[in-house]
Amino acid sequence: MEKLADVIIDRVVEALDRPFTYRVPPSLAGRVAVGQLVTVPFRSSRVAGVVRSLYSGEPGPGTREVEALRRPDPVLTPALLELAEWMSDRYLCYLAQALRAMIPAAVRRERGARPQAVWYRAVGVRRGRPSVKQEVYEYIAQHQVMDRRTVLDAFPNAGPALRALVAEEALEVLMRAPLTAGPHEGAHMLTHHQSDALSALLRTPGRPWLLEGVTGSGKTEVYLALIAEALAAERQSLVLLPEISLTPQIVTRFRARFGQEVAVWHSGLSQSERRSTWDAVRLGEVSVVVGARSAVFLPFPHLGVIVLDEEHEPSYKQEEHPRYHAREVALWRGQKEGATVVLGSATPSIESRHAAETGKIGYRRLPERVLGRSLPSVALVDMRQELQDGHRDIFSRKLQRALAQTLGRQEQVILFLNRRGFSTFVLCRACGQALQCPDCSVSLTYHQAQSRLNCHYCLRDFPVPSHCPECGSEKIRYFGAGTERVVAEVERLFPAARIVRADRDTLTRPQDYADLYHRFYRGDADVLVGTQMIAKGMDFPGVSLVGVVAADTALHLPDYRSAERTFQLLVQAGGRSGRGQIPGQVIIQTYNPDHYAVSLAQDHDYEHFYHEEIAFRSATRYPPFAELWLLVLEGEREADVSEKAGRAAGYLRQRWTRAEVLGPAPAPLAKVRGQYRYHILMKSFEPGRNTQLGKDLKRLASEIGQLSITRDPYFLM
Ligand code: ADP
Ligand code: ZN
Ligand code: ZN
């Protein structure tokens with residue numbers, strides 16, 4: 001019998017997506033642990049790998065040896081290793097892809113072991129003759145606890161003194177920094193709604209909760225109080241925010257409460273910042289992390305709280321491998337690691353609200369804004385009426401008047417165009433009707449290449465009509481005014497106004513958000529024109545008018561979530577107004593003032609919206625009443641792609657008779673980088689069989705090739 005290790009190697013190739021067995025040589029005996037990052041020989045090279053399991057057995061012929069440990073201690077906790085397996089099953093990714101999400105590249109690539117960090121704690125009182133030893137002791141004792149590196153910076157020759165002090169038990173060695181609550185400043189006396197929510201959360205450690213409350217209702221204050229309790233219990237906390245909400249302002253608020261132990265994690269960090277933050281989390285040196293999506297994989301050894309703020313945000317879903325949803329991963333970790341998970345939102349996702357309703361997660365509401373502040377008043381402008389009255393401008397008369405008044409009072413304005421990506425929809429300007437699929441009640445998308453209208457759900461296509469099928473008018477338009485056009489219009493009407501634009505063209509690096517944020521916050525601009533990326537998170541006390549230029553763009557996206565997204569965006573956008581002392585005003589321009597997503601956003605009526613929407617989902621059998629799978633086939637020759645797609649769909653129809661298989665059809669993005677794309681949409685209704693279905697799809701993908709599968713897709717192009 002020999003000591004053997006199963007290792008997941010860092011190669012993203014299907015044939016290598018399984019553990020490989022290695023012998024543990026005597027030189028490494030007792031030093032290899034599960035979760036350890038090792039170097040192993042593979043074919044003619046050496047690769048990094050993570051030890052998945054250790055056991056005794058007879059090695060097969062040709063079994064090679066683990067060559068070296070890359071770090072002295074494991075890089076992954078057992079929980080994270082298990083999470084990788086779960087992700088591989090759920091999101092159909094390779095284990096190596098899941099591990100890459102968890103271990104920063106700088107750590108995976110580092111050669112040679114880094115020294116294990118240690119801390120010294122002074123025990124009791126030591127009185128000795130003046131000596132280096134006594135000086136070192138007093139230096140540490142002043143701070144009670146200190147890490148070795150800091151001691152050595154101050155006393156480069158302190159090594160022997162430290163050893164002696166440990167030997168005489170004047171110092172105690174800690175393998176991680178002790179958690180301490182920082183300066184606990186600025187906590188508010190909680191309102192009764194807040195303290196009710198907090199005590200519910202505290203009563204049920206390890207349970208997930210939905211905390212619903214309009215912006216300004218004091219959710220963040222509840223998170224802060226919960227985290228303070230976790231700190232007191234020596235447990236770490238993770239606060240997840242959509243990337244764009246990670247403004248300096250929110251980080252400052254956490255630092256003000258918990259001090260420098262608050263670390264930040266987002267896509268703008270350098271490789272070395274990533275490595276040191278990741279290590280600090282792993283060693284318990286930081287107790288609170290405020291981070292974007294990928295922070296959900298940080299190796300907390302003592303996780304007590306996970307907050308997912310703005311939990312409805314689609315940016316929590318990663319669209320590339322591993323195609324995970326941070327909410328699902330957070331819930332998994334919470335359950336596995338005994339951490340309390342709080343999902344916070346003013347406009348919860350339909351899934352989460354439904355989970356709360358059916359008792360799968362707990363539910364608390366903060367029904368009103370703190371300090372008696374009121375919600376902004378929201379006016380709808382019916383753009384069909386504008387047109388009938390002969391006004392064809394981008395801005396309605398009402399919005400123009402409000403713009404003139406607000407700018408005249410030297411207050412700030414946000415103009416918001418909630419169009420996403422490149423999608424263009426087809427709208428009748430006489431009756432406001434977007435052309436819709438007769439079978440799916442989703443809007444049709446215009447495909448320029450074929451000059452046809454496609455339904456992205458049932459995947460049928462239709463000719464472009466010359467007359468509106470509803471009212472017979474010829475005023476059918478391809479809607480497409482973007483932010484640039486809005487800027488030009490403001491310039492034309494208000495030549496003196498200072499304008500900034502925020503969209504994917506102008507904001508490319510994380511630093512750009514911060515710059516724009518500060519510029520507008522300081523009042524260096526009067527008008528901010530932007531896409532959905534400015535609809536959340538950013539708080540500007542000087543803004544008293546928010547204009548939603550076109551409420552309908554998201555409404556007609558070919559996506560069953562379009563009403564939900566529209567409602568959320570309108571409420572969020574409106575929430576940007578009147579954050580300071582000045583009362584806020586919101587003007588929403590729409591061709592569909594009677595659509596429930598628009599009219600209920602006017603009243604901030606989430607409850608009513610949820611009931612409308614859940615009835616629609618139930619009737620059309622969309623999530624949460626089905627699991628959705630998107631299959632996309634790609635290839636250089638269209639005939640091949642279409643033939644393969646036909647075969648895949650045929651197989652699935654035959655094999656999964658109780659699921660619904662839609663398509664195949666050319667994807668809306670029919671050709672990308674020279675590759676033709678076809679898609680198939682699948683709805684499954686048997687929750688107990690999804691894992692099996694996933695495995696079958698994975699097998700199908702490896703048989704057919706160039707087939708990608710997304711479970712619960714957020715991007716259907
Ligand atoms: P949300 O996260 O729901 O938007 P916040 O927690 O940010 O709400 O609260 C909004 C504002 O009200 C903040 O300025 C916050 O400091 C303040 N606030 C929150 N709770 C209280 C309270 N109990 N008493 C006084 N002010 C509060
Ligand atoms: Zn019409
Ligand atoms: Zn359809």
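Being a predicted model, the structure only gives us computed values, none of them experimental. Numbering of ligands and ligand atoms starts at 1, following listing order.
Angle SG (Cys428) to the Zn ion (ligand 2) to SG (Cys468): 110°, rounded to 10°.
Ring to ring, His325 and Tyr714 are close: their centroids are under 6.0 angstrom apart. Ring centroid separation for the pair Tyr517 and Phe540 comes in under the 6.0 Å cut-off.
Using a 4.0 Å cut-off between charged nitrogen and carboxylate oxygen, Arg353 and Glu607 count as a salt-bridge pair. For Arg293 and Glu313, the salt-bridge test fails: no basic side-chain N is under 4.0 Å from an acidic carboxylate O.
Thr340 and Trp209 are not linked by any side-chain donor-acceptor pair at a separation below 3.5 angstrom, with hydrogens and angles left out of the test.
Taking every heavy atom of Thr191 and a limit of under 4.0 angstrom, the matching atoms of ligand 1 come to 23 (N). Those atoms of ligand 1 that come under 4.0 Å of a heavy atom in Thr215, given as number and element, are 4 (O). Of all atoms in ligand 1, numbered sequentially from 1 with element shown, those under 4.0 Å from a heavy atom of Lys219 are 1 (P), 2 (O), 3 (O), 6 (O), 8 (O).
Between Glu612 and Leu600 the shortest heavy-atom distance is CG-CD1, 4.2 Å.
Ranked by closest heavy atom to atom 10 (C) of ligand 1, the top entry among Gly213, Gly216, Ala187 is Gly216. The residue among Thr220, Leu211, Val214, Val370 with a heavy atom at the shortest distance from atom 11 (C) of ligand 1 is Val370. Of the options His192, Met189, Arg253, the smallest heavy-atom separation from atom 7 (O) of ligand 1 is shown by Arg253.
Counting heavy atoms under 4.0 Å from ligand 1, residue His188 touches it through the side chain alone.
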